[in-house]
Amino acid sequence: MPLHKRISATLTALSVAIALSAQQGDPKSMSEQDSPLVSKLSIETRFGWQMTHKDNHIDHDGTGFRGKFINLRLDGKIYRNFSYSWRQRLNRLTTQNFWDATDWLEVKYSPTPSLCISAGKQVVAIGGYEYDHAPINLYNCSEFWQYIDCYQIGLSIAYNVSKHDKLLLQVCNSPMRRTEFLQSDGSIGIGRLGNNTYGISLMWYGSHGWFETIYSANAFQLTNGRWINYLALGNKFVFCKAAFLELDYTNRASDASGYFNDQTIAAKLNVKPHRTTELSVKYSYDRNKDNTDDIYVLPGTSLHSVSGAVEVYPIKKYPEALRLYVAAGYTWGDAMNPSVGLADKLATLQIGAKVDIDVLAGIRYFVRKK
């Protein structure tokens, strides 16, 4: 069956299941607690106009009207302590398989309120707030963010060690399982070299009033059998309800290079002067002096990037349903892989909208009206 027909059939089946669950009675009854339920079904997309300026010339391939994302998000319960979460990029049709367009699809088991065991395709547990945000909500990012292959199949265990702290241990396929190959046109392509490479991650989520954290220590196996280690420190300083600062530091080290030779810094200040308006300014710096084991920030890279964004939420009752944005950024420095990511003297301007359609709420409203 063609892919678009499989997607259509999936959405139809989901709609029927949601309509049936919407007609059920008391949601706290024992029978409903034991039955499958859909708690979230939404489709989100982002589109608009973008201008890209490289080395004092307009990049015509990177300029014009375009859409960047079409995401399907589904969450629900299977049975009692078993739940699931799925996010699929409907416009990311790869030459590999349907899983490559799947951000995550995992089953979760929570035997107690403090313990959660998850299996399936997951977000690789790397610290930092820039990394933690959904891609559809970001406009200008670091070189490291541009390339990191952050969704892999694996297993994780999370435990709330206190009211304000959670630890997560994850074992998954390594995001470094890549290899280069020569394409028919003579250019260099990037492919995957099997699944027999692994990543081990330990994450700490902290929430202590004005100070929050997403820290991780990671070890990722390379396709040549070597390992690269990450220390990713995500810090969030909450000044007040309407202002906060996110400050990330990521250090990458391996046998090819020690600490402090390969690192990324990202800082973002966010201010909300009004409930409908959000302002942000951001700076990032990627540097790799000599770490030949890093396949994402290549040796010789030294890139600075500054950017700013204005976001407006015009619908008071449903602020997340529609977001209008204007974002601009500028990058300079030494770029070792400018064909895909950032480049020296790169300026961008983005104007557009993000739409988040709550399909579940719409179906439930329709059922109640009937």
Side-chain angles (χ1 to χ4, degrees), residues 44 46 68-69 71 87 89 103-104 122-152 168 170 175-176 199 201-207 211-218 220 228-239 243-252 262-272 278-288 294-298 301-311 323 325 327-333 335 337 340-343 346 348 350 354:
E44 58 181 357
R46 195 175 105 192
K68 287 195 171 182
F69 302 91
N71 298 339
R87 190 172 78 189
R89 298 200 195 186
D103 285 346
W104 65 74
Q122 307 176 336
V123 180
V124 180
I126 300 174
Y129 282 89
E130 180 187 51
Y131 178 88
D132 187 63
H133 290 304
I136 198 171
N137 295 327
L138 299 176
Y139 308 109
N140 295 279
C141 299
S142 64
E143 178 83 346
F144 169 72
W145 183 94
Q146 302 282 338
Y147 291 101
I148 182 69
D149 198 358
C150 56
Y151 304 108
Q152 301 292 335
L168 182 146
Q170 182 186 68
M176 302 300 193
S201 304
L202 179 63
M203 180 94 81
W204 168 44
Y205 295 92
S207 180
F211 180 56
E212 300 176 11
T213 62
I214 308 179
Y215 287 4
S216 75
N218 312 83
F220 298 129
I228 187 169
N229 303 312
Y230 283 18
L231 180 63
L233 309 176
N235 306 274
K236 184 175 182 179
F237 304 92
V238 182
F239 304 122
F244 61 83
L245 171 67
E246 296 173 347
L247 179 60
D248 299 335
Y249 174 76
T250 303
N251 195 297
R252 300 171 290 271
D262 185 8
Q263 53 199 331
T264 295
I265 298 171
K268 180 184 176 185
L269 177 63
N270 215 84
V271 179
K272 198 169 184 177
E278 202 163 331
L279 311 175
S280 63
V281 291
K282 184 176 180 179
Y283 167 78
S284 68
Y285 175 57
D286 297 273
R287 174 178 179 265
N288 182 356
D294 190 350
I295 65 173
Y296 294 126
V297 181
L298 300 182
T301 298
S302 180
L303 277 173
H304 301 264
S305 180
V306 294
S307 60
V310 178
E311 299 172 290
R323 179 200 310 169
Y325 63 86
Y330 183 74
T331 302
W332 71 98
N337 193 0
V340 180
L342 304 181
L346 172 67
T348 60
Q350 303 175 64
K354 181 210 168 184

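Atoms CZ and CG, on Phe220 and Asn229 in that order, are 9.5 Å from each other to the nearest 0.5 Å. Put simply, CG on Leu247 and CD1 on Ile265 are 8.0 Å apart, with the number rounded to the nearest 0.5 Å. Between the CZ atom in Arg287 and the NE2 atom in His304 there is a gap of 10.0 Å [rounded to 0.5 Å]. With rounding to the nearest 0.5 angstrom, the CG atom of Leu233 is 4.5 Å from the CG atom of Leu231. Remark: Gln122 CD to Leu168 CG distance equals 8.0 Å, nearest 0.5 Å.
Counting only N and O atoms by type, the side chains of Arg323 and Asn137 include a donor and acceptor under 3.5 Å apart. Side-chain N/O atoms of Asn140 and Ser305 include no donor and acceptor closer than 3.5 Å. Between the side chains of Tyr285 and Ser302, at least one donor-acceptor pair of N or O atoms lies under 3.5 Å. Tyr215 and Asn235 are linked by a side-chain donor-acceptor pair at a separation below 3.5 angstrom, with hydrogens and angles left out of the test.
Trp332 and Tyr330 have parallel rings, their planes meeting at less than 30° on a 0 to 90° scale where 60° marks the start of perpendicular.
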Task: Derivation of the side-chain contact (heavy atoms from CB on, under 4.5 Å) call for Arg252 and Thr264 - done: CA-CA 9 Å; Arg252 300 171 290 271; Thr264 295; 3.1 Å; yes

TODO: Under the side-chain contact (heavy atoms from CB on, under 4.5 Å) rule, what do Asp248 and Tyr131 come out as? Steps first, then yes or no, please.
DONE: CA-CA 9 Å; Asp248 299 335; Tyr131 178 88; over 6 Å; no

- [ ] Go through the steps for Asn337 and Tyr147 under the test side-chain contact (heavy atoms from CB on, under 4.5 Å), then give the verdict.
- [x] CA-CA 10 Å; Asn337 193 0; Tyr147 291 101; 3.5 Å; yes

- [ ] Please test Tyr139 against Arg46 for side-chain contact (heavy atoms from CB on, under 4.5 Å), starting from the C-alpha separation and ending with a verdict.
- [x] CA-CA 11 Å; Tyr139 308 109; Arg46 195 175 105 192; 3.8 Å; yes

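Ile228 is listed as a side-chain neighbour of Tyr230, based on a closest heavy-atom distance under 4.5 Å. Side-chain contact check for Asn270 versus Glu246: every heavy-atom pair is 4.5 Å or farther apart.
One N or O on the side chain of Asp286 and one on the backbone of Phe144 form a donor-acceptor pair closer than 3.5 Å. Of the possible polar contacts, none joining the Asp103 side chain to the Arg89 backbone as a donor-acceptor pair under 3.5 Å is found.
The two residues Gln170 and Val123 come nearest to each other via the heavy atoms NE2-O, 3.1 Å. Residues Asn218 and Ser201 approach most closely at ND2-OG, 2.8 Å, considering heavy atoms. The shortest heavy-atom contact between Ala134 and Arg87 is CB-NH1, 3.9 Å. Across Gly127 and Ser216, no two heavy atoms sit closer than the pair N-OG, 2.8 Å. Lys354 and Tyr325 get closest at one heavy-atom pair: N-CE2, 4.2 Å. Across all their heavy atoms, Cys141 and Leu342 have their closest contact at O-CD1, 3.6 Å.
Under the rule for a salt bridge (charged side-chain N to carboxylate O under 4.0 Å, His left out), Glu212 has no partner lying at least two apart in sequence or in another chain.
For the pairing with Glu130, the salt bridge (Lys or Arg N to Asp or Glu O under 4.0 Å) check across Lys268, Lys282, Lys236 returns one residue only, Lys282.
Annotation: Phe239 is not in aromatic contact with Phe244 [ring centroid separation under 6.0 Å not met].
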